[in-house]
Protein chains: 2
Amino acid sequence: MAELQLQSPGRQPTIRDVAELAGVATSTVSRALSNPGRVNHVTRERIEEAAAQLNYIPSSQARGLSSGRTQTVAVLVPDITNPFYFDIIRGTQHQLKAAGYTQLLVDTEESAEMEADALQKMRRSADGFILAASRLTDAQLAEAAAQQPLVTINRAPAIAPTVVIDTPSAIIQALEHLVSLGHTRICFVGGPATSWSNAKRWQAFQEETAERKLTTFSVGPFAPKTTSGAAAADAAVHTGATACIVFNDLLAIGMLQRLRERGIRVPDDMSIVGCDDIFGADFCNPPLTTMASPIEQAGRVAVSMLLSRLNPQYGGTSRRLAVMPTHLTVRASTGAAPS
Amino acid sequence: MAELQLQSPGRQPTIRDVAELAGVATSTVSRALSNPGRVNHVTRERIEEAAAQLNYIPSSQARGLSSGRTQTVAVLVPDITNPFYFDIIRGTQHQLKAAGYTQLLVDTEESAEMEADALQKMRRSADGFILAASRLTDAQLAEAAAQQPLVTINRAPAIAPTVVIDTPSAIIQALEHLVSLGHTRICFVGGPATSWSNAKRWQAFQEETAERKLTTFSVGPFAPKTTSGAAAADAAVHTGATACIVFNDLLAIGMLQRLRERGIRVPDDMSIVGCDDIFGADFCNPPLTTMASPIEQAGRVAVSMLLSRLNPQYGGTSRRLAVMPTHLTVRASTGAAPS
DNA sequence: ACAAGGATGACAAGCGATTGCCAAAAATTG
DNA sequence: CAATTTTTGGCAATCGCTTGTCATCCTTGT
């Protein structure tokens, strides 16, 4: 009876069951499954067959407990509903899966506190972290980086390995585009104050416009959501600028909606350039001119960088910085400056 | 020296460290932390203080190993970049977090095989599963449901507990809307053949149109992506219908783009109704009339249903079915039938 | 043909928590 | 104040796997 219970369907097969069926010791099974080279070819096949027959899946818990590795990476994003992160998430998911890792997705809701909290709470359950557009301060980031392996995306390098979008180049392209259309009064519509990307974009904007002797304005900060677009649009219009470079597409799309409501024609009265080329940028009205980057690839690269630190043996050159190229995608939201 | 090593920053504090600092046995610490009622109030406070002081976080691995529970729920979605799932994901994430669970997000890439595979592979690492728009066959689903606790979203009930969108009501509302605008030739644009939702929508469409003696057409199946919209639009136009009810917004938005390319005016020449009210439905061109549901809430409810099975002690009534209401959001993609 | 060396596999000690069982202490009662 | 009940806390086994150590066996070189 007792034996029957042990074999009841509820019970999961353990490494011991496999060892018994294959006629070897449990340690041999363990090695055969996780360290193939150490075990005889034919024995391993016998073990694998036994495992398959029993439908055996190793317990990640037990495995993690004794090995100290969880084979899990946590990906922290500020807002899971922001399409910008879709592609990052998909990129990391792909790459992690390929390497046999599990992805733990966390939405930090644009809050530095939640981010730091997650970093703490999950330090035991993840081998490493990927922070997309981290809202942490430099000090917090440095502390976190000292505690556990992590890679940031769109965040100052030096503190931790980073994948960044080539913002200066993007801004230059956008400005050249606007200048070639005859614009001279250009407004920068800012994103979150805690966003490093925003700071970088603003900085590049200032440098470039100074060289070109353009009249510039800036408004913000605004939350990176379409709902903030109305306020952003009103503020931008108020400056008297004829073109806006907007922190991201979400905000830009929101502005488009507001401008239409107010009867301000885009691009006839006002040109708009967004950033990120997110889902929706191609079918909003008018379709948005925007600065595009290979975002999914950024997620992939971030994972590669992290994994090469986690597994130095395989790891090729463990870079500390990867820069993703950017190009301007011109659609219908930009046009000649009003005369 | 050895002691210094033990206290080195790399080492994580264990339950033993906490016990020692608080002057109690490890079992007392364990109980104080996970079964508060069983331990003296003041002792527990002392323990909690010690834990906080050491910055102690229990190892989820060890915890899971001995308790058999992982405090983790896996959420399987067919396509992580489909905005429809964003709100579901956010809903599940919220609810799970509130209950102290961790969410494991898996993108099954619209593949029944990947879905079944994930279900198998992760059966040891998750206490339960939530399947959003599962692509499994009924038999597969039944088998999976027998192996582990799971809740489905938008899938036939009876096999497993389910949260469904009230599709028939949505279709009725859409049809009434179109009829009231004078349409009599209506086309159903179908989604994936393996989608239960699609089957349900098609069924409701047939029943309702039969009662109203409308001329109907159907085209499809199409992949639920904007890129399939071109083919869908061409097929729909070819039928001669003056209005389309489209499987989902993604497809509908793709159709909008194609129709514009072809110079077919929406809604003057053709009215379009989508489904889901996803991100983008309000700012596409023209803004899309669509059937909206409280999707985030669907995710929440699914989690509640699952958790009440996992923890029967707290669990209120463990429902097997929840129906989410639907309403038609009328925007600019529908208008009077061409005369 | 024998010793040295390399493969291979068995044994058993943990990894860090949970939990059943029981003893000690405290609170309650007559 | 003794007897009884209720709390509270300690001990130790256990979860399923990894991994260091060591014995065994099969290859080789001489």
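Everything numeric in this text was worked out from a predicted model, so none of it was measured. Lettering follows sequence order; numbering is per chain, from 1.
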Colleague: Hey, does the side-chain of B/Arg16 have a donor or acceptor N/O within less than 3.5 Å of a partner on the base of C/dG14?
Modeller: no
Colleague: Of the candidate nucleotides D/dG10, D/dT19, C/dA17, which contains the atom at the shortest distance from the side chain of B/Ala25?
Modeller: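 Closest nucleotide among those given: D/dG10.
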Colleague: Just to verify, what does B/Lys97 make a salt bridge (charged side-chain N to carboxylate O under 4.0 Å, His left out) with, not counting sequence neighbours?
Modeller: none
Colleague: I want to verify a distance call: between C/dT18, C/dT19, D/dT19, whose nearest atom is closest to the A/Arg69 side chain?
Modeller: D/dT19
Colleague: Distance check, rounded to the nearest 0.5 Å: A/Glu115 atom CD versus A/Arg135 atom CZ?
Modeller: 8.0 Å
Colleague: Which pair of heavy atoms, one from A/Arg124 and one from B/Ile57, lies closest together, and at what distance?
Modeller: NH1-O, 2.9 Å
Colleague: With a 4.5 Å limit on heavy-atom distance, are the side chains of A/Phe129 and A/Val73 in contact?
Modeller: no
Colleague: Side chain of A/Thr43: nearest nucleotide among C/dG9, D/dC17, C/dA17?
Modeller: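 The nucleotide sitting nearest to the side chain is C/dG9.
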Colleague: Which of residues 49-68 of chain B sit near DNA chain C, with a heavy atom under 4.0 Å from it?
Modeller: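 Per residue number, the list reads B/Tyr56, B/Pro58, B/Ser59, B/Ala62, B/Arg63, B/Leu65, B/Ser66, B/Ser67.
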Colleague: Side chain of B/Thr14, base of C/dG16: donor and acceptor closer than 3.5 Å?
Modeller: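 There is none.
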Colleague: Quick one: is A/Ser30 getting a side-chain N or O under 4.0 Å of the D/dT18 phosphate, OP1 or OP2?
Modeller: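 For D/dT18, OP1/OP2 do have a side-chain N/O of A/Ser30 under 4.0 Å.
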Colleague: Show the nearest heavy-atom pair for residues A/Ser304 and A/Gln95, with the distance to one decimal.
Modeller: OG-NE2, 3.2 Å
Colleague: Describe the nucleic acid contact of A/Val29 in one word from base, sugar-phosphate, nothing, applying a heavy-atom distance below 4.0 Å.
Modeller: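 Since no nucleic acid heavy atom lies under 4.0 Å of A/Val29, the category is nothing.
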Colleague: When you match B/Gly23 and A/Thr28 each to their closest nucleotide on DNA chain D, which lands nearer the 5' end?
Modeller: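 With B/Gly23 and A/Thr28 compared, the 5'-side residue is B/Gly23.
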Colleague: Hey, is the side chain of B/Arg31 pairing donor to acceptor with the base of D/dG10 inside 3.5 Å?
Modeller: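 Looking at the base of D/dG10, it does pair with a donor or acceptor on the side chain of B/Arg31 (distance under 3.5 Å).
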Colleague: Identify the heavy atoms of A/Asn154 and A/Ser197 that sit nearest to each other, and give their distance.
Modeller: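 Result for this residue pair: ND2-OG, 3.3 Å.
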